[in-house]
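Quick caveat: nothing in here was measured; it's all calculated off a predicted structure.
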Amino acid sequence: MTKEGEDIVGPAPSIDQKTPTTPKPNESENGQHTRLVPTASPSISACTTATNLSSLDAPQLHKMSTLEENLRVAQPEIEPLQNKKIGVEEQIYNDTVAKKPPIKLFTQVLTALSVSLVSLVIGFVSAYTSPAEESLKKDLGITDNQYSWIGSLMPLSALVGGLVGGQLIEILGRKRTIVLTDILYIISWLICANATDIWFVYVGRSIIGFSVGIASLAIPVYLGETIQPEIRGALGLFPAAFGNSGILLCFIVGSYLKWNELAWLGVALPVPFLVLMFLIPETPRWYVSKGRDEEALKALQSLRGKDTNVSEEFDDLVKSHKESQKLTTNATFKDLFVKANMKPLMICLGLMFFQQLSGINAVIFYTTTIFKMAGSSINQNLCTIIVGLVNFISTFIATILIDKLGRKVLLYISSISMTLNLSILGTYFYLRHTGVDVSAYGWLPLASFVIYVLGFSLGFGPIPWLMLGEILPAKIRGSAASVATAFNWACTFLVTKTFVDIINLIGPHGTFWLFTGFVVFSILFIYLWVPETLGKSLEDIERKFAGVKVRRISSVVNLKPLPSSF
């Protein structure tokens, strides 16, 4: 009899073997196990046999080269346990690890950096009206109502640019469209810098807004189609980081320069991208959509590195395009209302709506004015610079966190932070309105603005634009991004044009409480609608929205053999 837990090794007896062979006393194998007497009907488990056999030296296993052969000799009855499925899964695991392309950071960082320089111009454009207000009114004799149009013409024209941009990125390509906007920036800033009356400023701001509308949809689409999923979150926030850099630059330099001098700086800002454009390719997906597969392969190779095997990624790209082609032959406006396309489009529209109804652009456009109304004990120009600095730094924090925490968690943090601080600002202005002495809390508006901007920049600032390039199906990406971008700028125009009027109607406290209400509803929207796209390829995201079951490899690749133990 064998005691429970005792190991049995050695070759199995033949069926007709009846008399056991008595072993010599203390005979052992490898200094660990005693050779026991084999019985006619041994009971040997597969895991016990495998464990013990794996610890023996090769010569003691009848000079056989594999574990399977030793198992077959030791106990023929357990051969059926060698399931073919396990072999297939192990092969899938090995193939997946072997074929997964390495991440070449240099080429992708250069690409993200290049196009994000255009976002720096967008940030500069958005912040221009705040530091330029005083000198512009003085030199050109502009009224408050006229100045509100200078601020609101930009988002209104961006609405038109957003509608046109969807067609441009499909016809010209993503890269050429971004280059076009860069040239338009230079032209528009030249008009503003040489303005002799209000109408020149109106024309310049209209062209700038048109360019902003096109660029704001072309940039996220470009990055979404060129960056690998593992780093798409971090590099996808580059435009937001550079946009905030442009805001900060405008706030700082605007403290020393007049409106026309600030415009001359705007002329110079688009130039670096025109140089770097020669170093980055068009997106492989656009080439594939035009049937230019050879150029698509070259572009993909350029993005991933010349020594990287991109055949599997390229094949998946072509396959995804063919699947998309099967759904509809030619993309039309009606395709936006197809069930598989409606949900991602509505999510993008919802994110854009809550982004702008949080009041962020009203805050950026009228930062100096708001601090005047608040009666802050800190210099208003210094407050403006501090807000811009926090806006700039916070995006880099989001860049670090987004591929660790995911999109939804940052959106939750963003919403809760903005809710608390907008309500505090509303309360501060209400107490001031009712005659309560709040002079001892003159620091509170700045503190609330800082935390509010920090919260916005962590989530609702960059993520709606990032997801614009992630969740929209390839077939309608241009037209859907166009609609979402136009909607965003329509909301921006609504908020910035009516901000002063709303303040006059319900007071600053009522205005900030109104923004608070919208942000509270955004939390429910995130919970019910917004998906998590962390680490997912664009193809997998699209298939999921289309109702196609995505085969996840993770459950297979995690099937690694457990280590043997005694």
Side-chain angles (χ1 to χ4, degrees), residues 126-127 129-130 144-145 147-149 151-152 154-156 158-159 349-376 383-384 387 391 411-436 438 441 444-461 463-464 487-530:
S126 300
T129 53
S130 184
D144 288 340
N145 183 58
Y147 195 76
S148 70
W149 275 108
S152 55
M154 192 275 283
L156 184 62
L159 188 159
L349 293 178
L351 289 173
M352 296 301 183
F353 175 80
F354 288 115
Q355 181 195 66
Q356 292 307 316
L357 269 295
S358 69
I360 187 63
N361 270 307
V363 169
I364 297 299
F365 279 41
Y366 299 103
T367 302
T368 307
T369 303
I370 292 171
F371 279 113
K372 280 183 182 178
M373 290 188 297
S376 174
C383 289
T384 301
V387 169
N391 195 30
L411 286 172
Y412 283 131
I413 294 173
S414 181
S415 297
I416 294 170
S417 173
M418 288 192 293
T419 299
L420 292 176
N421 287 280
L422 284 171
S423 60
I424 290 172
L425 277 169
T427 303
Y428 175 88
F429 277 103
Y430 176 75
L431 294 175
R432 181 180 168 83
H433 174 72
T434 55
V436 177
V438 292
Y441 303 96
L444 189 61
L446 176 60
S448 296
F449 263 103
V450 164
I451 302 174
Y452 163 75
V453 169
L454 175 64
F456 177 84
S457 299
L458 283 177
F460 262 101
I463 290 177
F487 180 74
N488 178 281
W489 289 110
C491 293
T492 305
F493 170 74
L494 177 67
V495 171
T496 54
K497 186 67 180 73
T498 61
F499 181 67
V500 175
D501 295 330
I502 294 174
I503 286 178
N504 293 333
L505 182 65
I506 60 177
H509 60 282
T511 305
F512 285 111
W513 283 340
L514 179 64
F515 291 150
T516 302
F518 284 113
V519 178
V520 169
F521 279 109
S522 73
I523 299 174
L524 184 62
F525 176 80
I526 297 165
Y527 177 75
L528 294 177
W529 282 70
V530 178

Look up atom [atom1] in [X] and atom [atom2] in [Y], then write down how far apart they are to the nearest 0.5 Å.
X: Phe456; Y: Ser415; atom1: CZ; atom2: OG; answer: 10.5 Å
X: Ile360; Y: Ser457; atom1: CD1; atom2: OG; answer: 6.5 Å
X: Leu351; Y: Leu411; atom1: CG; atom2: CG; answer: 6.5 Å
X: Phe515; Y: Gln356; atom1: CZ; atom2: CD; answer: 10.0 Å
X: Leu420; Y: Ile424; atom1: CG; atom2: CD1; answer: 6.5 Å
X: Ile413; Y: Leu458; atom1: CD1; atom2: CG; answer: 7.0 Å

Inset, instruction - Walk me through it: do Tyr428 and Tyr441 pass the test ring pair (Phe, Tyr, Trp, His ring centres under 6.0 Å)? - result: CA-CA 9 Å; Tyr428 175 88; Tyr441 303 96; 8.0 Å; no

Nearest atoms (heavy-atom pairs only) where [X] meets [Y]:
X: Pro464; Y: Met352; value: O-CE, 3.9 Å
X: Trp513; Y: Leu422; value: CD1-O, 4.5 Å
X: Trp489; Y: Leu159; value: CB-N, 3.5 Å
X: Ser148; Y: Ser152; value: O-OG, 2.8 Å
X: Ser414; Y: Gly455; value: OG-O, 2.7 Å
X: Thr516; Y: Ser423; value: OG1-N, 3.4 Å

Legend entry - Parallel, tilted or perpendicular: ring planes of Phe449 versus Phe512, cut at 30 and 60 degrees: perpendicular

Legend entry - His509 ring center near Tyr430 ring center (under 6.0 Å):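 His509 vs Tyr430: aromatic centres under 6.0 Å.
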
Legend entry - Ring centroid separation Phe354 to Phe525 under 6.0 Å: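 Ring-ring flag for Phe354/Phe525: true, centres closer than 6.0 Å.
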
Can a donor-acceptor pair be found, under 3.5 Å and without considering hydrogens, that links the side chain of [X] to the backbone of [Y]?
X: Tyr412; Y: Gly459; value: no
X: Ser417; Y: Ile451; value: yes
X: Gln355; Y: Phe460; value: yes

Inset, instruction - Side-chain contact test, heavy atoms from C-beta onward, threshold under 4.5 Å: evaluate it for Phe353 versus Leu349 and give yes or no. - result: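 No. Closest side-chain heavy atoms not under 4.5 Å.
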
Legend entry - Name of the residue among Thr496, Ile503, Ile502 meeting side-chain contact (heavy atoms from CB on, under 4.5 Å) with Phe499: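 Of all the options given, the one that passes is Ile503.
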
